[in-house]
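Written out below as structure tokens is the structure these notes cover.
Remember, it's a predicted structure, so these values are computed and weren't measured experimentally.
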Amino acid sequence: MTRRYSPRDIEPKWQAVWESEGTYTTNLNSNKPKYIAMSMFNYPSGSGIHIGHAMNYTISDVKARFKRQQGYESYHPVGWDAFGLPAENFAIKSGVSPQQSMAEIIPGYHKQYKAMGWSNDWQKEIATHLPEYYRWTQSIFSQMYKHGLAYQASRLQWWCSIDNTVLANEQVIDGKCWRHDGPNDPLVEKKEIKQWFFKITEYAEELLEAIDDLDWTESVKLAQKNWIGKSQGAEIDFQVANSKHKITVFTTRADTIFGATFLVLAPEHGLVKDLTTKNQKTKVNNYLKQVATKSELERQTAKEKTGVFLGSYAVNPINGEAIPVYIADYVLLNYGSGAIMAVPAHDERDYQFAKKYKLPIRQVVAQYFLGNPKEDIATVNRQVVDAIVRNQKGQYLLIKDLDGYHFCGGGVESTDLDNRAAIRREVIEETGYHDIKSLKPVAQQTIFYGYRATKNRNQRTLGQFFEVILASDQQIDNESNTGKHTLHWFNKDEVLNKLAWDSHVKAFEQYLNSTSCYSGEGLMINSAEFDDLTSDQAREQIIRQLSKQGWAREKINYRMKDWSVSRQRYWGAPIPIIYCQKCGTVLVPDADLPVIIPELEDFAPSGDGHSALARAKDWLKVSCPKCGGPAERETDTLDTYICSSWYMLRYIDPHNQVKIFDTDLVNKWLPIDFYNGADHATAHLLYARFITRFFNKLGQINHPEPFKQMLYNGKVTSSDGSMFSKSKGNGIDPLEIINQGYGADALRTYLMFAAPLELSVRWDPKGVPGVYRFLNRVWTLIQAYLEQDKHQLTDKKLRYDILHATNLMVDKVSKDLNLNQYNTAIATMMAYLNDLYRFKDQEFNQGQVWQTAFENLIVCLAPFAPHISEELWHQLGHTTSVHKDSWPEVDKSYLVDKTVTIVIQVNGKVRATLKVKPGETESLVIGLAKKDNKIKEYLAKKDIKKTIYLPDKLVNFVV
RNA sequence: GCGGAUGUGGUGGAAUUGGUAGACACGCUAGCCUUAGGAGCUAGUGCCGUUAAGGCGUGAAGGUUCAAGUCCUUUCAUCCGCACCA
């Protein structure tokens, strides 16, 4: 009677054995090569693990197991990110302290983690809410403070009105709190609050530079680059006319300074009051009021630019021109200097503003088109005018000549009064249409550089387009009558297809879109001595010249802001600061750490912007560590992101009572070899990099980066593609799947098989049963094997075929595991199992070859399905665990194919295949191919023009 | 708006350097078997074509090539990130 596959029996059995034998306990001082794989920190909530956890932690578990089997000292750590709002909010509601609820919740997680078969080292478990941990979180604050990287400032900050706390920029998602981003949740507000910051901006440059070398999912690297948001430019000072004030603007386009026709300040800018003239005072105050009532989001999504003139003028340092100063809410106080020079010709936002308030628009960069200039031929500058002529039917007039279709127009002659006169003359000369209703310049000037055969010279042509609207089709004698060119009317849509010249296409597009704003690079015009330079040359030279005169400085700006770390909440690590009436702000001495969170009855924030800690009078009142006088503790706690920004370091030395961690141990184990998660592309990962770099600078870690490889895996979504959520109640409980009898092995293997790890997985209720079937087939086949007679294989060919398939499988699975392609690794094992079922029908016995085949399968399966693998491994006669040092070497001699399939194509289409030994000669293979019956038909009565031959692969006859 | 990614059967997804498209599963169809189960086994399954011969097929349209899912150009759709960043 064969045994049946019963996960219910074998899974708990092996979990108990592993625990009692310490199979997954890591020796941090081992001489073996180290490997550490982990997934992002878990926040323990009352509802236990969900399917997303099952996904995340299985990914790193498979990696850790694979490496452990390969002989590495592999470490798969475990811990709890236990501080945070859900536990506190629960405490406010129920009166159960967070300390107590964590003590109840975490043991439940232990059971669930073990039921999933994750190979965690429980002896090194950590939890951030325990004083032995948060003591060191507090010490990070102290270190930051001592090194001038922690400072206190009163600043406008995002404020969540549900949690009554400030938020870091990284915790605001689509204008809402990261914990309250549902459709009915309120937008975050801005509040001015005195709070603590970490100077992460001081590390902006190195955090940015190091990104390129990281072996991380590209989208995360990109998100971090965008988040840091470096932009290189200059600060330029504009003297305010008749005033001692200067306005400093930040710009990345100093080259466009001749096109600056006004300045704009953010409404909150410090100079607004001083620069407002008496006449404008009422208007300005009204505008300021109006801005104040708008929410941040309203401001950002406003379709129309609004603003108001302050009455003052500023002097452009490049040319002494006085230009008006405006305030407008499209300029943000907290980026750059909170003020801009507006160049409406080359910035979309400035353009909209200028249009609305009828401010001048001056083009200074011309789009540049390069034709085919001839070398060693003189270049002549020309001004050309072209006309987009429209008749009353809305048709457009094109000229056709040797060059193809283009608008009419020509060079400006010395006899022309101006460009307008020139275009009028050209239109009449070339087309004879003289009844012109209106004529106005449109689109921006462009520069075309190239050879003109008719004049035998290179021309640098500055082109201006005009819209010419005809009042009637009255026509006089013109050049088209001489046969020089022909005239054609087209509809709007046809024109773009007909036009032969790029510069005309661009101009017509601009004309149709009625934008005259070009923000790219080009050649300088209207810029005095900088004319004719390219815009990037001009940018450099203008900054250099203004710098010499003291009006400008090169400047790099980052979008990223300093990290706000104060939270007005109870359930977090208290900030180790004391306020003394005499000494001011005093750091709690290291010897007095940790500052323990006092036990309270009521956890609600005090409502005045302070946490519940403000009511713990006994705790609050302390004597000053410096002078011994009366003092009070800081009542804010640290952002929980600080706890999770250094936990990977504590994993290496979790029980150290003396130091935050042992430097030698951390140097040995860092960087984390493999890290994965489906969230926190910017916030957590940036913070962890920042803190690691900080310790690196202090000389406490010799690696600047914490995570060597980072995989940003997909999420598990419901079968319709939407997110699982508690509110919908459509979640999948991993334990329920296990307890239904499918077991953790089938669940784990399904999750890893369903899709590439980077993609999100749609939950398929048939998926786990499908994989269960596979495991069951493995089980059944091995039970059958164990009942066979004990003797060796006699069939030589079968012997090779089995070992060939086995080694190919191990080779592929090893490669796929290294490349994180788990889904194809599992597919390879399934295909191999199908092969074994076929081989079984030829000859089946308990000999060495079959034993090898099954052992290799079990070893490869073990990272995914650890329980069934361990059970079968022992049934195959082993007495030690499959999960250590078991990974086989591939025998390369068995990877060779005994026959290869040659594809025979005629004209690139597959018509037949041919089986030959590898390494056959070209002539023999082509000879065989020509003899193939089917191929004969295709080649009959045809000349073979060409034969393509690829050794051991393909023959293609071209006829 | 900007940036990025992805489009392959009924479904999830395979496919080194361009070289047999659809591996492996799910589902479906037919049959077998039985201690009737959430089973197991066998065969089939891209589309059109009665079988066959053949033709068509990787979001769409062009192109390069003996040969294109893969390279180039244009375009459409979906998802993600940032979003007035000067």
Checklist entry - When you compare B:C28 with B:A83, how far apart are their P atoms, in angstrom units rounded to a whole number? => result 46 Å

Next on the checklist: I'd like the P distance from B:U51 over to B:G46, given in whole Å.
Outcome noted: 13 Å

Item to check | Where RNA chain B forms stems, i.e. three or more consecutive Watson-Crick or G-U pairs with both distances under 3.5 Å | outcome: B:1-7 with B:76-82, B:10-12 with B:24-26, B:27-32 with B:40-45, B:46-48 with B:54-56, B:59-63 with B:71-75

Checklist entry - If we take the C1' atom in both B:U8 and B:A77, what is their distance in whole Å? => result 15 Å

Checklist entry - Counting side-chain heavy atoms from C-beta on, which of B:A25, B:G3, B:G40 comes nearest to A:Leu222? => result B:G3

Item to check | Inter-nucleotide C1' distance (B:U64, B:U16), Å rounded | outcome: 22 Å

Checklist entry - Any donor-acceptor pair under 3.5 Å between the side chain of A:Lys305 and the base of B:C84? => result yes

Checklist entry - Between B:A5 and B:U50, how far is it from one C1' atom to the other, in whole Å? => result 46 Å

Checklist entry - Roughly how far apart, to the nearest Å, are B:G57 and B:U70 at atom P? => result 13 Å

Next on the checklist: So, applying side-chain contact (heavy atoms from CB on, under 4.5 Å) with A:Val925, which one of A:Val955, A:Leu954, A:Asp952 is it?
Outcome noted: A:Val955

Checklist entry - On a whole-Å scale, what distance lies between the C1' atoms belonging to B:G69 and B:G13? => result 14 Å

Next on the checklist: Roughly how many Å apart are B:G55 and B:G59, using the C1' atom of each and rounding to a whole number?
Outcome noted: 22 Å

Next on the checklist: Tell me whether the NZ or CZ atom of A:Arg4 lies within the 45° cone about the ring axis of A:Trp779 and under 6.0 Å from its centre.
Outcome noted: no

Item to check | A:Arg777 to A:Tyr837, cation-pi by 6.0 Å centre distance and 45° axis angle | outcome: yes

Item to check | Heavy atoms of other groups near A:Glu554 CD, more than 12 under 6.0 Å | outcome: no

Item to check | Residue that, paired with A:Met55, satisfies side-chain contact (heavy atoms from CB on, under 4.5 Å) out of A:Asn676, A:Leu747, A:Val761 | outcome: A:Val761

